Amino acid sequence: SFLKCKVLQLGYNLDPGILKTIGITKLHLYVQGTNLFTITKYTGPDPELLPSVSNNGSGSNASAATGIDFGSYPTNQKVYSLGINATL
């Protein structure tokens, strides 16, 4: 069990009355974060990690079924983005 914040986006639309004076109809500013945090007791890199070919949970690699991440690459890198959407 775990709690994960995969995507969080905060945005702001500027007042169209102010933008009209500079020739812009709409202006939206935003900041977005991906994979911001994971709350878990799991000690591996990512509790959602899928088994790789060498860690498929069968045969000599049966440890995958018990939560050992051998040869798998986590997909939980943090990413931060800033953006502007404008309509002229």
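What you see is a predicted model, and the numbers here were worked out from it, not measured in a lab.
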Side chains of [X] and [Y] in contact at under 4.5 Å (non-hydrogen atoms):
| X | Y | answer |
| --- | --- | --- |
| Pro47 | Thr38 | yes |
| Gln77 | Asn35 | no |
| Asn76 | Glu48 | no |
| Tyr30 | Asn85 | yes |

Nearest 0.5 Å, what's the CZ-CD1 distance between Phe2 and Ile39?
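Between atom CZ of Phe2 and atom CD1 of Ile39 there are 11.5 Å.
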
Leu36 side, atom CG; Lys6 side, atom NZ - distance, nearest 0.5 Å:
12.5 Å

Excluding sequence neighbours, so at least two apart, what forms side-chain contact (heavy atoms from CB on, under 4.5 Å) with Ser81?
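For Ser81, the residues satisfying side-chain contact (heavy atoms from CB on, under 4.5 Å) (neighbours in sequence not counted) are Gln32, Val79.
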
Which pairs would a plain distance check flag for residues 11-24, meaning a side-chain donor or acceptor within less than 3.5 Å of a matching protein atom at least two apart in sequence or in another chain?
from: Asn13; atom 1: OD1; to: His28; atom 2: ND1; distance (Å): 2.6
from: Asp15; atom 1: OD1; to: Gly17; atom 2: N; distance (Å): 3.3
from: Thr21; atom 1: OG1; to: Ile18; atom 2: O; distance (Å): 2.6

If you count every heavy atom of other residues, nucleotides or ligands that lies below 6.0 Å from Lys26 atom NZ, does the total exceed 12?
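Incorrect, the count does not exceed 12.
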
Evaluate side-chain contact (heavy atoms from CB on, under 4.5 Å) for Leu3 paired with Thr40, printing each intermediate quantity in order.
CA-CA 7 Å; Leu3 174 68; Thr40 183; over 6 Å; no

